Amino acid sequence: MGDTQDCSRPVLGDAEMSLICLADFEAYAKENLPKATWEYYAAGADECCTRDDNLQAFRRIRLRPRMLRDVSVMDTKTTVLGEEISCPIGIAPTAFHCLAWPDGEMSTARAAEALNLLYVASTYATCSVEEISQAAPEGLRWFQLYVYRDRKLSEQLIRRVEALGFKALVLTVDVPYTGKRRTDIRNNFRLPPHLKVKNFEGVFEGHSGPDNYGVPVNTLDPSVSWKDICWLRSVTKLPIVIKGILTKEDAELAVVYGVQGIIVSNHGGRQLDGELATIDALSEIAEVVQGRIEVYLDGGIRTGSDVLKAIALGAKCVFLGRPIVWGLTYKGEEGVKGILQILTDEFRLSMALSGCRNVSEVNRNLIHVAKL
């Protein structure tokens, strides 16, 4: 059945009407988080050009709406790797949610479950995969993974998430080394003593050297290459999605190496400053993939029309990073639900105003292509 609710209705209670868009939650989080925590979440690499361009690139895109299309009944549902979700919006893997709210990732998982949306849990979570699964047992979950120098570390995590019913692995491929985030260096950012990277609890006991975002320096393997996709396929039957692709050449290789999906991502502008905004990279990737595997996008999504533009340019689903943390900061699970509901409602309204009754009607014809 389609969704017939009023596209323009308010999504939060009267007392909370001041929080009516994602930017309102951003302002609240900036005001209420400790400075070093806010700057950790907000940080981009170097001069933050790519972080900022992720947002600005969406604003450069213009839409070509169609009229008189009978949009009285709307349907925002879609599927990701065969699983139905209520809207093509998911939660990207971001670290350290307990910095924003005591229940951290457990609250995030509950919010995603309540709205029937996909949550990609981060390796660098401050709740364990077991705690996340227990908090939202019916939720659709994928798990974000790195390849470590000690492959057994990666393999042990895979075994745990397989047993817990996670539906896919998301391999982050754009971090052979961590980007230079100036504010984190200036703030000497560290997890507070009461928080841990819970998925590695007990793994690094006795380690006394320097750490990098909660794990020992040099844990990540900079030698990771396409052959590691073959290794990953040999140790799991779960679908594999590669996160961090920005070119058609790498998209073609992803298809060749047999993965099931790509997340077009530049790590929120936190790695190589000056690389493409994700929405600018999406078209060539969607064109070369030609539907052989699923293509998703993260980076810069702030409004429902941003979601519409990404779907029109070939993304099957978009993922939210920083806005989820803003929602957590406001009111935990309720705040994240608020963020997701606002974006879902805005997307439904943008669809209706552009003449699309369901997600399958959102296509490239919606996008205005400027004449050179």
Side-chain angles (χ1 to χ4, degrees), residues 33 36-45 90-109 112 119-133 135 141-150 153-158 160-161 164 166 168-181 183-184 187 189-205 207 210-222 224 241-244 263 265-271 298-299 319-322 324-325 328-329 336:
L33 285 170
T37 301
W38 166 259
E39 290 184 345
Y40 163 72
Y41 288 136
I91 298 178
T94 53
F96 308 154
H97 288 192
C98 288
L99 286 173
W101 187 259
D103 278 352
E105 290 83 2
M106 292 188 287
S107 291
T108 307
Y119 170 36
V120 185
S122 170
T123 286
Y124 283 74
T126 36
C127 300
S128 68
V129 286
E130 289 80 10
E131 290 169 325
I132 290 166
S133 300
R141 293 180 306 278
W142 295 355
F143 180 70
Q144 175 271 331
L145 184 75
Y146 290 99
V147 174
Y148 296 101
R149 289 175 192 268
D150 179 359
L153 265 185
S154 301
E155 203 167 337
Q156 286 162 2
L157 283 170
I158 292 167
R160 285 165 66 187
V161 300
L164 291 165
F166 283 71
L169 295 176
V170 176
L171 180 67
T172 297
V173 297
D174 56 3
V175 191
Y177 302 96
T178 304
K180 183 177 180 181
R181 301 163 198 170
T183 52
D184 288 349
N187 293 330
F189 176 81
R190 294 283 182 275
L191 271 181
H194 70 283
L195 296 181
K196 298 278 185 293
V197 180
K198 286 291 282 289
N199 289 319
F200 292 136
E201 199 163 30
V203 172
F204 302 117
E205 289 297 321
H207 169 79
D211 76 65
N212 186 35
Y213 297 106
V215 302
V217 171
N218 298 326
T219 305
L220 292 172
D221 189 351
V224 66
V241 175
I242 296 183
K243 175 178 178 286
I263 302 180
S265 175
N266 54 32
H267 218 97
R270 292 161 80 85
Q271 284 298 104
D298 70 21
F319 291 94
L320 291 183
R322 293 180 181 94
I324 298 303
V325 175
L328 275 175
T329 303
V336 177

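All of these numbers come straight from a predicted model, not from anything done at the bench.
The side-chain hydrogen bond (donor to acceptor under 3.5 Å, both in side chains) search around Asn199 returns none, not counting sequence neighbours. Remark: Phe200 pairs with Tyr148, Phe204 by the ring pair (Phe, Tyr, Trp, His ring centres under 6.0 Å) rule, at least two apart or across chains. Contacts of Arg181 classified as side-chain contact (heavy atoms from CB on, under 4.5 Å), with partners at least two apart in sequence or in another chain: Ala43, Thr178, Asp184, Tyr213, His267, Arg270, Gln271. Applying the side-chain hydrogen bond (donor to acceptor under 3.5 Å, both in side chains) rule to Ser265 yields the partners Asp298; only residues at least two apart in sequence or on another chain are considered. Applying the side-chain contact (heavy atoms from CB on, under 4.5 Å) criterion to Pro102, with sequence neighbours excluded, gives no partner residue. In this view, Thr123 satisfies the side-chain hydrogen bond (donor to acceptor under 3.5 Å, both in side chains) rule with no residue, not counting sequence neighbours. Every residue two or more places apart in sequence or in another chain was checked for a ring pair (Phe, Tyr, Trp, His ring centres under 6.0 Å) with Phe143, and none qualifies. Taking Lys198 as the reference, Glu131 meet the salt bridge (charged side-chain N to carboxylate O under 4.0 Å, His left out) condition, with sequence neighbours excluded. With sequence neighbours excluded, the residues forming a side-chain contact (heavy atoms from CB on, under 4.5 Å) with Val224 are Val147, Asp228, listed by chain and number. In this view, Arg149 satisfies the salt bridge (charged side-chain N to carboxylate O under 4.0 Å, His left out) rule with no residue, not counting sequence neighbours. With sequence neighbours excluded, the residues that form a side-chain contact (heavy atoms from CB on, under 4.5 Å) with Thr94 are His97, Val325.
Sorted by first and then second residue, the pairs that involve residues 210-221 and meet salt bridge (Lys or Arg N to Asp or Glu O under 4.0 Å), not counting sequence neighbours, are Arg151-Asp221.
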